[in-house]
Amino acid sequence: MNKVRDALVEVAIIILVGGMIGAVLAVVSNLFVIGVQWFGQQREASDILSLSIGGDSASFSSLVFLWAAAAVVVFLKTSLGISRWAGPADSMYAAHQVNEPLDIKTGMASTLAAFASASGGASVGQYGPIVHFGATMGIWVKRFISSRLSHEIYLGCGVAAAISAGFNAPIAGVVFAHEAVLRHFSVRAIAPITVASVSASALGNQWFPHTTTFEISAVLPPLAEVVPVLVMLAPAFALVAICFMAALRYSAQTAAKMNTSPLLLPFIAATICGLVGVWIPQILGLGISSINEMIAGEFALSLLFTVLVAKLLMTALCIGFGLFGGVFSPSLFIGVAAGAVAGELLILFGFADIASIISVAGMAAVSSAVIGAPVSAVLIILELTQSYEYAVAAMIAVMVCNLLTNRLFGNSFFDRQLLDRGIDLLKGREAIALNQQIVGPFVSQDYIHADPSVTGSELREKMRRRGHTEAYIIKTGGQFLGKVSIYEVIEAADNRINDFIDTRPLTLYSHDSLAEAMVKVSQFVGESLPVVDAETGRLHGSLAEGELFQAVIDVQNQARGLERA
């Protein structure tokens, strides 16, 4: 009976947690898009700073809105004391370890900053910030609900709900949470994540009835005609994705090197993006309507080239210079533009008009390479189009594109962001756990220490009574001087041990990680290693090889337990 009761309680908690997170993300995701679209309409209808240039009237309202957005972003950062905006990369890292949980304030502030940027017309997206908001919401909910579910499951619920609500694609939401963020499957995780994803989609449709975000026709030529073309175009999509990700990194690196106040950088980005937006308004904001128009073939080839290059550069500028936002939506835009360009060129060379499917495949290929979720991208296409043929066609481009970008750039833009911070998720949870755990807590006090004035005979007797073959020599006050073995002690005889000390023994520092310690002791032969405080030079304790190995095994088992829960 106890097992039945516990199982029922766990099911109730799963439904509660998943339903609650799904409901919140359904509201936030839809209100985010509705709010950005409303501000976009106000911007387009505004005639602020309208000037007559060469007989033509041009409205510079985009500049005003972007300056206002930059001001809001700077205000949020300074007033809330945010050192760095948080996004999907932080969600991924938080899911792989427990020592550095997501900061709730930073997560909420980052979502507000992204909303302000997108509402002002910055060339940024909404999905990344909403995904991180979902992860943050999941961690926040865990504070109030006690259960056997680990923190990463709560986090995964929020991520899945964000994707599900954003694309109305609950299956893709479940897969994305596992594929891109958690990066493992477990029975205990799938159930609550599925509840959250389905709840977000169902409640979003119920509370915010509207047409789908992307209008994709399900009419497709025979796959035999489409697949060879997509295989040939996939390297071009990979090149576009790599250029986009490289531009994002270059922009951020350039901003970091500039001798300009970080508070001015968002205004620089706002000014440049606003001026470009005066002449190419399609690149401003989320660009959802432009995506649909490109899929429908309503853009001329020259305009497609223009918006492709401008969107890529302006997104890199905005994000790199502090107008915070997501890269997922811009990658969708850039992918559609690249596919539409390819489709128009094929028509010029006498091929059949398959621009629509190529645009959709380009959207899936480029975005999947940027976020590192090829399966999820294919499922999003499947759920958006309800077409098996569209999904299969997109899958060809997605897989070839991801194969190339993975080899030439990395698993995703978010993985590269973490690598730039010295974090390699590809090494897995165990490696992260070993790098985070320092040796200090594992030191032992079972060692022999002596003053440098002691004689070899005296120290030898002390070592004989304790059964040790090594001793540490320290000053009065605990300063570590060196180490002696039984052989040096015997050689010293009645002389002071000070002249027989090994002053440069292999030493661990109390702040060394277990991973660093394992590398250091790979060539070690002896009884134990001294652990010294790097700042004061005081002896902190000793660590035998067996104790180090046991600490490593314990941490590895804890990481495996988290992954297989």
Side-chain angles (χ1 to χ4, degrees), residues 31-44 46 48-49 59-78 82 84-88 109-133 166 244 247-252 254-255 260 262-291 307-334 337 370 413:
L31 289 182
F32 190 109
V33 175
I34 292 172
V36 171
Q37 289 176 341
W38 186 85
F39 279 105
Q41 292 169 356
Q42 306 309 306
R43 183 182 69 249
E44 293 170 3
S46 174
I48 303 175
L49 288 182
S59 173
F60 288 82
S61 59
S62 58
L63 267 176
V64 177
F65 276 79
L66 277 166
W67 284 335
V72 172
V73 170
V74 170
F75 172 77
L76 288 172
K77 192 168 188 177
T78 54
I82 306 297
R84 177 179 56 82
W85 300 118
S110 297
T111 306
L112 291 175
F115 178 78
S117 298
S119 296
S123 183
V124 298
Q126 83 270 28
Y127 295 113
I130 292 176
V131 162
H132 185 69
F133 174 83
F244 178 48
L248 289 167
R249 294 184 67 224
Y250 178 78
S251 176
T254 301
T260 305
L263 301 182
L264 292 178
L265 293 176
F267 290 96
I268 295 174
T271 302
I272 296 174
C273 185
L275 290 173
V276 172
V278 171
W279 312 112
I280 315 173
Q282 293 85 357
I283 58 99
L284 296 175
L286 302 180
I288 294 174
S289 60
S290 295
I291 290 176
V307 298
L308 171 61
V309 175
K311 186 70 173 181
L312 189 153
L313 295 178
M314 289 304 101
T315 301
L317 174 70
C318 289
I319 294 177
F321 278 56
L323 278 178
F324 181 70
V327 299
F328 195 3
S329 294
S331 70
L332 294 172
F333 186 108
I334 291 168
V370 171
F413 173 68

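Each residue takes its place number in the sequence, starting with 1.
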Heavy-atom check, side chain of [X] versus side chain of [Y], under 4.5 Å:
{"X": "Ile283", "Y": "Ser290", "result": "no"}
{"X": "Leu275", "Y": "Leu63", "result": "yes"}
{"X": "Phe328", "Y": "Leu332", "result": "yes"}
{"X": "Val276", "Y": "Ser62", "result": "no"}

So, for [X] and [Y], which heavy atoms are closest and what is the spacing to 0.1 Å?
{"X": "Tyr127", "Y": "Ser329", "result": "CD1-OG, 3.0 Å"}
{"X": "Pro330", "Y": "Phe244", "result": "CB-CZ, 4.0 Å"}
{"X": "Thr315", "Y": "Leu248", "result": "O-CD2, 4.1 Å"}
{"X": "Cys273", "Y": "Ala122", "result": "SG-CA, 4.5 Å"}
{"X": "Val307", "Y": "Phe333", "result": "O-CE2, 4.0 Å"}
{"X": "Leu284", "Y": "Gly121", "result": "CD2-O, 3.2 Å"}

Criterion side chain to side chain contact (heavy atoms under 4.5 Å, CB included) on Met314 and Ile272, from CA distance to verdict: CA-CA 8 Å; Met314 289 304 101; Ile272 296 174; 4.1 Å; yes
Sole residue of Ser110, Pro129, Ser117 in side-chain contact (heavy atoms from CB on, under 4.5 Å) with Trp85: Ser110
How long is the span from the [atom1] atom in [X] to the [atom2] atom in [Y], to the nearest 0.5 Å?
{"X": "Thr254", "Y": "Phe321", "atom1": "OG1", "atom2": "CZ", "value": "6.0 Å"}
{"X": "Leu317", "Y": "Leu265", "atom1": "CG", "atom2": "CG", "value": "9.5 Å"}
{"X": "Phe133", "Y": "Leu112", "atom1": "CZ", "atom2": "CG", "value": "9.0 Å"}
{"X": "Cys318", "Y": "Leu313", "atom1": "SG", "atom2": "CG", "value": "11.0 Å"}

With no hydrogens and no angle check, is any side-chain donor or acceptor of [X] less than 3.5 Å from a backbone partner on [Y]?
{"X": "Thr78", "Y": "Phe75", "answer": "yes"}
{"X": "Ser251", "Y": "Ala247", "answer": "no"}
{"X": "Ser46", "Y": "Arg43", "answer": "no"}

Chi angles and distances behind the side chain to side chain contact (heavy atoms under 4.5 Å, CB included) call for Gln37, Ile288: CA-CA 9 Å; Gln37 289 176 341; Ile288 294 174; 4.2 Å; yes
Residue list, side chain to side chain contact (heavy atoms under 4.5 Å, CB included) with Val72, at least two apart or on another chain: Leu76, Ala116
Any residue meeting ring-ring contact (aromatic ring centres under 6.0 Å, His included) with Phe115, in chain and number order, not counting sequence neighbours: Phe32
